[in-house]
Amino acid sequence: MLVDASNALLAWYDANRRDLPWRAMPGESSDPYRVWLSEIMLQQTTVAAVGPYFHKFITYWPTMRALAEADEADVMKAWAGLGYYARARNLIACARTIVARHGGRFPDSEAELLQLPGVGRYTAAAVAAIAFGRRAVVVDGNVERVVARLFAVKEPLPGAKAKLYDLTDSITPARRNGDFAQAMMDLGATICTPRKPACGFCPLATLCAARAEGDPARYPVKTPKVAKPRRVGHAYWLERDGAVLLVRRPAKGLLGGMLAFPSSAWEEKVGAGSGAPAQAEWQDGGSIDHAFTHFALTLHLRCAEGEAGEGIWWPIAQLEEAGLPTVFAKLIARGRAWKKPPLLSRQEA
DNA sequence: AATCCGTGGGC
DNA sequence: TGCCCAAGGAT
């Protein structure tokens with residue numbers, strides 16, 4: 001099984017590998033900095049979404065040392081919109097650790113990689129395999145799906161993670177390990193997809209237990225998810241001389257370390273809506289809806305003119321360059337429309 | 001072990 | 001609209 005599966009997969013990969021910006025040409029060695037940066041960005045994030053951000057980061061900070069010396073606020077701003085902002089904070093911490101404790105060069109063992117901030121079991125294995133050619137068991141969501149189908153694993157995720165790891169280990173070859181890992185992920189992304197797997201094009205079809213059963217799409221089995229709650233809150237648009245007040249959110253927690261509009265707590269029932277940055281006659285500025293991973297939010301914008309003690313006054317005309325997380329960027333148009341005469345109606349949406 | 005942590009696209 | 005999903009990690 002091992003030899004059959006890995007040989008078939010590698011042959012398929014040689015003919016069908018995706019051409020991605022962080023990938024070395026066949027036969028060339030990959031740059032650990034680019035591999036690591038891409039792996040962090042790709043955590044729970046699509047290739048399509050990562051593309052422009054990867055290009056931007058490589059342009060601004062072409063080397064690990066450049067990133068280690070970067071201003072943290074600039075990095076957070078460059079990351080804005082990509083989500084999971086702890087990744088950006090850990091990115092900086094990791095770059096600085098590598099420069100301070102590893103002479104600016106990546107450690108090449110899984111165990112050492114695992115010690116770095118933002119690097120967990122998957123990323124340590126991926127960097128060890130792809131950047132350094134080490135044998136490592138690389139298991140991401142794609143691999144879990146491919147392996148669950150290949151062996152028709154009946155146990156549901158997430159409980160089945162340990163079993164899927166062991167099964168992946170059992171088919172992981174000793175050579176071309178980086179290619180094998182990327183081949184598994186390419187297969188999962190392009191052929192062995194969640195909904196309608198293209199088994200007719202799959203190099204592992206004749207070995208696949210789920211295929212033999214007749215309904216491969218029913219794998220991997222998953223335990224049902226709990227419905228996510230809906231929350232409500234207020235955000236505040238405080239305007240003064242063509243500028244609006246922004247604040248930096250606390251380093252930890254939701255949207256940690258990011259610039260934002262001042263806001264109330266977000267709760268399941270309409271809380272009082274405190275958190276206003278000033279005493280003012282707040283007016284209704286409309287609302288937006290936004291879906292986070294674990295709750296849905298309706299955010300009402302409250303608008304006023306006035307002064308405030310603390311915060312950053314940002315020119316309204318340049319708010320797009322402030323680096324606001326998407327949930328707040330959605331409010332920009334509402335704030336700008338406030339107190340302008342309604343052209344037709346301000347009620348849409 | 002379970003929860004928290006963003007966003008955009010597909011259906 | 002709503003749910004699922006995407007190269008997961010930290011606590």
Side-chain angles (χ1 to χ4, degrees), chain A residues 18 20-23 34-54 76 79-91 93-94 113-131 136-146 157-159 161-162 165 168 178 180-190 192-196 217 220 222-231 249-258 260 266 288-298 323-330 349:
Chain A
R18 289 180 292 175
L20 301 173
W22 43 87
R23 237 172 220 184
R34 295 167 71 95
V35 172
W36 163 74
L37 179 60
S38 69
E39 289 299 342
I40 302 297
M41 288 184 165
L42 287 162
Q43 289 168 6
Q44 298 290 283
T45 309
T46 57
V47 166
V50 164
Y53 284 87
F54 181 79
M76 300 310 287
W79 196 277
L82 195 57
Y84 284 147
Y85 298 99
R87 291 184 296 174
R89 286 180 266 124
N90 285 329
L91 193 78
C94 183
L113 287 164
L114 205 47
Q115 300 302 312
L116 297 168
V119 176
R121 189 177 62 223
Y122 161 75
T123 304
V127 173
I130 297 169
V137 181
V138 182
V139 185
D140 75 327
N142 288 305
V143 176
E144 285 181 344
R145 184 171 57 256
V146 171
L157 283 169
K161 280 181 177 293
Y165 182 96
T168 306
F180 178 79
Q182 294 177 92
M184 289 286 280
M185 294 190 278
D186 275 17
L187 187 72
T190 63
C192 194
T193 54
R195 290 192 183 82
K196 292 182 176 180
K222 297 191 175 183
T223 56
K225 296 179 179 178
V226 295
K228 55 181 169 186
R230 169 164 292 282
R231 297 183 189 171
R249 293 175 64 88
K252 295 190 175 182
L254 187 68
L255 309 173
M258 301 300 289
W266 302 338
I288 59 96
D289 288 298
H290 190 76
F292 291 100
T293 304
H294 54 295
F295 66 94
L297 176 69
T298 297
L324 295 174
T326 299
V327 61
F328 291 114
K330 285 180 177 178

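Chain identifiers are assigned alphabetically (A, B, ...) following the order of the sequence lines, protein sequences preceding nucleic acid strands; residue numbering begins at 1 within each chain.
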note = Rounded to whole Å, CD of Gln44(A) lies from P of dG8(C) at a distance of 5 Å
Phosphate-side-chain proximity, Tyr85(A) and dT7(B), N/O vs OP1/OP2 below 4.0 Å = yes
inquiry  = Using a heavy-atom cut-off of 4.0 Å across all strands, would you classify Gly188(A) as base, sugar-phosphate, or nothing?
reply    = nothing
key: Rounded distance (Å) that lies between atom P of dG9(C) and atom OH of Tyr122(A)   = 8 Å
ask   = Quick one: which of dC4(B), dG9(C), dG6(B) gets closest to the side chain of Gln43(A)?
value = dG9(C)
request  = Ignoring the backbone of Leu255(A), work out which of dA7(C), dT7(B), dA6(C) is nearest its side chain.
outcome  = dT7(B)
Distance test, side-chain N/O of His294(A) to OP1/OP2 of dC4(B), below 4.0 Å = no
ask   = Is the Phe292(A)-His294(A) ring centre distance short of 6.0 angstrom?
value = no
query = For DNA chain C, whose closest nucleotide is more 5', that of Arg121(A) or that of Ala227(A)?
reply = Ala227(A)
Distance, P atom - from dG8(B) to dG9(C), rounded to whole angstrom = 22 Å
request  = Tell whether Arg145(A) reaches the base of dA6(C) with its side chain through a donor-acceptor pair below 3.5 angstrom.
outcome  = no
query = If you check every side-chain atom of Arg18(A), which of dC4(C), dC5(B), dA7(C) has the closest atom?
reply = dA7(C)
ask   = Mind checking whether Phe328(A) and Trp266(A) have parallel, tilted or perpendicular rings, split at 30° and 60°?
value = tilted
ask   = Checking all strands, does Ala181(A) fall into the base, sugar-phosphate, or nothing category for heavy-atom contacts under 4.0 angstrom?
value = nothing
request  = Would you mind telling me which of dC5(B), dT7(B), dA7(C) lies closest to the side-chain atoms of Pro325(A)?
outcome  = dT7(B)
task = Starting from the 5' end of DNA chain B, give me the residue, Pro158(A) or Leu82(A), whose nearest nucleotide shows up first.
result = Pro158(A)
note = note: Phe180(A), atom CZ; dA7(C), atom P; distance rounded to Å ~ 16 Å
key: Rounded distance in Å - NZ (Lys252(A)) to P (dA10(C))   = 12 Å
query = Reckon Val50(A) touches a base, only the sugar-phosphate, or nothing at all at heavy-atom distances under 4.0 Å?
reply = nothing
query = Picking from dC5(C), dA7(C), dT7(B), which would you name as closest to the side chain of Phe292(A)?
reply = dT7(B)
inquiry  = Just to be sure I understand the rule, does Ile130(A) reach a base, reach only the sugar-phosphate, or reach nothing, if contact means heavy atoms closer than 4.0 Å?
reply    = nothing
remark   = Arg23(A) atom CZ is separated from dA7(C) atom C1', nearest whole Å, by 10 Å
request  = In whole angstrom, give the distance that lies between atom CZ of Arg87(A) and atom P of dC4(B).
outcome  = 19 Å
inquiry  = Does Arg121(A) have more than 12 heavy atoms from other residues, nucleotides or ligands lying within 6.0 Å of its CZ?
reply    = no
query = Within the pair His290(A) and dG6(B), is there a side-chain N or O less than 4.0 Å away from OP1 or OP2?
reply = no
request  = Scan Thr123(A) against the nucleic acid and name what it touches under 4.0 Å (heavy atoms): base, sugar-phosphate only, or nothing.
outcome  = sugar-phosphate
task = Could you tell me whether the side chains of Glu39(A) and Tyr122(A) share a donor-acceptor contact shorter than 3.5 Å?
result = yes
message = Students often get this wrong, so: under 4.0 angstrom with heavy atoms, is Val327(A) touching a base, only sugar-phosphate, or nothing?
response = sugar-phosphate
Sub-4.5 Å side-chain heavy-atom contact between Arg87(A) and Thr45(A) = yes
query = Is a donor-acceptor pair below 3.5 Å formed from side chain Thr326(A) to base dG8(B), judging by atom type as modelled?
reply = no
request  = Indicate yes or no: at least one non-hydrogen side-chain atom of Ile40(A) is less than 4.5 angstrom from one of Thr123(A).
outcome  = yes
task = For the pair Val47(A) and Leu20(A), evaluate side chain to side chain contact (heavy atoms under 4.5 Å, CB included) and give the outcome as yes or no after the intermediate values.
result = CA-CA 9 Å; Val47(A) 166; Leu20(A) 301 173; 3.9 Å; yes
ask   = Which value, in whole Å, describes the distance between the P atoms of nucleotides dT3(B) and dA7(C)?
value = 24 Å
ask   = NZ of Lys228(A) versus C1' of dG2(C): gap in Å, rounded?
value = 9 Å
query = Looking for any heavy atom pair under 4.0 Å, which part of the strands does Trp22(A) touch: base, sugar-phosphate only, or nothing?
reply = base
note = Among dA6(C), dA10(C), dG8(C), the one nearest any side-chain atom of Thr46(A) is dA6(C)
ask   = Whole Å only: how far is the CG atom of Leu42(A) from the P atom of dG6(B)?
value = 18 Å
